[in-house]
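Before any comments, here is the structure.
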Number of protein chains: 2
Amino acid sequence: MAARERVTIREVAERAGVSVATVSRVLSGNYPVPPATRTRVLRAAKALDYVANAHARALVGGGRKMVAVVLRQVTSPFYAQVAEGIEAEAAAHGWLCLVGATGGDPQREMEFVQLMREEGARLVVLVGGVVEDDSYRERVARYAQALDASGARLVLCGRPSPDPDIPALVVEFDNEAGALAITSHLLSAGHRRIAFLGGLPGNTSLDARVRGYRAALAAHGLPAGAAHVVDCGLGRAAGHRAMTELLRRNPDFTAVVAGDDMVAAGVLRAAGEAGLRVPHDLSVVGYNDIPLAEDFNPPLTTVRTPSEELGRAAVRLALRDPDRAAGIRHLLGTHIVVRDSVAPPPAPARDL
Amino acid sequence: MAARERVTIREVAERAGVSVATVSRVLSGNYPVPPATRTRVLRAAKALDYVANAHARALVGGGRKMVAVVLRQVTSPFYAQVAEGIEAEAAAHGWLCLVGATGGDPQREMEFVQLMREEGARLVVLVGGVVEDDSYRERVARYAQALDASGARLVLCGRPSPDPDIPALVVEFDNEAGALAITSHLLSAGHRRIAFLGGLPGNTSLDARVRGYRAALAAHGLPAGAAHVVDCGLGRAAGHRAMTELLRRNPDFTAVVAGDDMVAAGVLRAAGEAGLRVPHDLSVVGYNDIPLAEDFNPPLTTVRTPSEELGRAAVRLALRDPDRAAGIRHLLGTHIVVRDSVAPPPAPARDL
DNA sequence: CTGAAAGCGCTAACAT
DNA sequence: ATGTTAGCGCTTTCAG
């Protein structure tokens, strides 16, 4: 039908035969009102199907409890889990949660943050690793400062702060340790020719994983030249393409560390297409332990990152003590989960 | 540090040496202002890092362009894809998108819809199938009527309207046709003893799939008794449990139709644990074609439901002609995608 | 115990 | 071309 006007507090007041002040008082419930009037007001409100105007409320009340989540895309299982954690924790505290997807475009990210400032979000959570260039550093510094100026908090979730002095809360995984552990797992199985697929130079999460990978190699006494990093970026398609390519020009690897589980999915597929059996002919490990990782063929050995907890921790810490949350850095541990995608290399390692 | 006050339009006006009206005019850009003043105002706004207060704007401007999405959980690949479609289409129209997860709890759903009314969402999209009981019917009728009363639209995305007269736009898949097609695919391969895992009596989407499954059986001349539906609900764990159980007490099925791909994942796993090779010993099909379905072991033959398009269509149709959108029903087609999880049954079907 | 009235920050007439 | 002003719907002193 035609957009009838919304019922206002005044109409409720009229119907109940009281003033708007009284209605406001019973609805807010923060002021003693005699049961008789109370009931009358409540009945009138229900009869009219009155809903308060959140904007008017926010205007006078100084903003409302809202956390804004900014991520690359909702369909990535990892991001979705983080978002779910944020949402759950926010809901548990009675906060509203606004989710925005940027598709990885800094421009859209900026617009969204701006929008959130307009909306009066009191918590803005930026999720996921990013390419940390000068533009990024400047952007985040500006967000943090702007948000801070209006009493809001910036939370960096799974990405580092470009500068420890910036008023932002950082909640991260120890990516370097995770990659080190999973690479060591491969080394312990006897592998020596191990490739890393899914680098993305400048991306903080991936750079850390590459560092962990190199560190593991070094710790096992391998020369720096033993490392082979393919910077194909993330995603199933990228992993598939890169693996196909790698197999064509450099087939003598016995194991690959994928930048994340989606890359691993692509790698597994490419290996299968090339007639390689995993783990018999080739070992593959992933990163993140997404819900379907155990349904891969074969079930994937990977690094479990408590993604939902990452989200929960982000808002829990930010809400716990808003004023002290600025500048602190919280690191979440990870551990590897062993399934069936790793076996000793086909030929015994020569240097054992 | 301490929550300084937000910069208001008045401060910008003062700094620029003009009135608030002038500032409002240049910022809204809907009124001619001489370049000189314009520049002065813009400069002042930038210097002060001014951001408009969306609440004040909404209050006077009569709400803002916002679509609210209500779904069970973000981590379900199917829901995530629908949400992504909604988000993308909304963004393309310059609308904001608020996502809320209910965890399947009608109570939370109701609260969220209420919240969205307060926030002034002009479009509320309810995503995903539901158990359609009396309580549901009444709830939806109330949502639709309440939303309609305040000039907002209700969109049912992937769930039916309990009553065609309700002012809601419905965008759905033809679940019956999809299930019929995939079951027929199994029948054509020679299967006769086919189980359906993942029924959820009352759930509209699943009920439709079960109907399609039965219809296919009937169309191939099988008696009604040939149907075997296990009402285990959705999810990987449910599928795994139900399949394990089925295998134990009734192992003579040669194929299973899973309620969705996640159930199929569980079925595949249970089959593997029981030493069955898919598709050699058992054929399995899924529903939805989630992104990782082709990475299952083996790659899953399933029904492709254009989930993202479902979301896009929902907001596109609702936005196209808001007043005519009420009461219309839009059906999206599906098609099966053949991969490697189906083969002829191990022993030749006796009745061929 | 309850009502009147003063804004919250902004836009849109209406003046000048 | 720009300023003045009256609200938008609500909460919250401040009176009565």
Side-chain angles (χ1 to χ4, degrees), chain A residues 3-42 44-45 48-65 115 117-122 149-151, chain B residues 3-42 44-45 48-65 115 117-122 149-151:
Chain A
R4 273 170 280 165
E5 291 305 312
R6 256 170 88 156
V7 175
T8 74
I9 198 174
R10 174 148 29 244
E11 300 171 55
V12 178
E14 274 168 19
R15 189 178 228 269
V18 295
S19 74
V20 295
T22 305
V23 176
S24 174
R25 288 197 265 256
V26 346
L27 262 25
S28 307
N30 50 13
Y31 198 90
V33 172
T37 359
R38 215 186 108 75
T39 317
R40 210 139 41 86
V41 169
L42 254 20
L48 262 25
D49 191 27
Y50 167 75
V51 281
N53 183 321
H55 298 303
R57 253 186 195 165
L59 190 53
V60 47
R64 71 169 147 355
K65 298 166 162 188
L115 196 60
R117 285 223 282 157
E118 293 183 0
E119 292 297 323
R122 300 230 284 268
S150 47
Chain B
R4 273 171 278 165
E5 291 305 311
R6 254 171 90 156
V7 176
T8 74
I9 199 174
R10 175 145 33 242
E11 300 171 56
V12 178
E14 273 168 22
R15 188 178 229 270
V18 295
S19 74
V20 292
T22 304
V23 176
S24 173
R25 287 197 266 256
V26 346
L27 261 26
S28 307
N30 51 12
Y31 199 89
V33 173
T37 3
R38 215 186 109 76
T39 317
R40 212 138 40 88
V41 169
L42 254 22
L48 262 25
D49 192 24
Y50 168 76
V51 282
N53 183 321
H55 299 304
R57 259 190 190 160
L59 190 52
V60 49
R64 69 164 146 2
K65 300 167 162 187
L115 196 60
R117 286 221 283 156
E118 292 183 0
E119 292 297 323
R122 299 230 286 267
S150 48

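Residue numbers start from 1 in every chain, and the chains themselves are labelled A, B, ... in the order their sequence lines are given, proteins ahead of strands.
In this structure, the CG atom of B:Leu59 is 17 Å from the P atom of C:dG7, given to the nearest Å. Taking atom CD of residue A:Glu14 and atom C1' of nucleotide C:dG3, one finds them 14 Å apart after rounding to whole Å.
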I would like to know whether A:Arg117 and B:Asp49 meet side-chain contact (heavy atoms from CB on, under 4.5 Å); could you show each step before the answer? CA-CA 11 Å; A:Arg117 285 223 282 157; B:Asp49 192 24; 3.0 Å; yes
Run the side-chain contact (heavy atoms from CB on, under 4.5 Å) test on A:Leu59 and B:Asn53 for me, step by step, so that the C-alpha distance in whole Å, both residues' side-chain angles and the decisive distance to 0.1 Å come before the verdict. CA-CA 8 Å; A:Leu59 190 53; B:Asn53 183 321; 4.0 Å; yes
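At the phosphate of C:dG3, OP1 or OP2 sits under 4.0 Å from a side-chain N or O atom of A:Thr22.
A side-chain donor-acceptor contact under 3.5 Å links B:Thr8 to the backbone of B:Arg10. Put simply, the side chain of A:Arg6 gets close to the backbone of A:Ala52: a donor and an acceptor are under 3.5 Å apart. Judged by distance alone, with hydrogens and angles left aside, the side-chain atoms of A:His55 form no donor-acceptor pair with the main-chain N or O of B:Ala56 at under 3.5 Å. Judged by distance alone, the side chain of A:Ser24 and the main-chain N or O of A:Val20 form no donor-acceptor pair under 3.5 Å.
Residues from residues 49-57 of chain B placing a heavy atom under 4.0 Å of any atom in DNA chain C, listed by number, are B:Tyr50, B:Ala52, B:Asn53, B:Ala56, B:Arg57. Within residues 23-31 of chain A, the residues that place at least one heavy atom under 4.0 Å from DNA chain D are, in residue-number order, A:Ser24, A:Arg25, A:Ser28, A:Asn30.
B:Leu27 CG to B:Arg38 CZ: the interatomic distance, rounded to the nearest 0.5 Å, is 9.0 Å. Atom OH of residue B:Tyr50 and atom CG of residue B:Leu42 lie 12.0 Å apart, to the nearest 0.5 angstrom.
Reading DNA chain D from its 5' end, the first and the last nucleotide to sit under 4.0 Å from a heavy atom of chain A are D:dG9 to D:dT13.
Applying the 6.0 Å contact sphere to CZ of B:Arg40 captures more than 12 heavy atoms from other residues, nucleotides or ligands.
Pairing each heavy atom of A:Ala44 with each of A:Ala16, the nearest pair is CB-CB, 3.8 Å.
Looking at which nucleotide of DNA chain D each of A:Val60 and B:Thr37 is closest to, the 5′-most match is held by B:Thr37.
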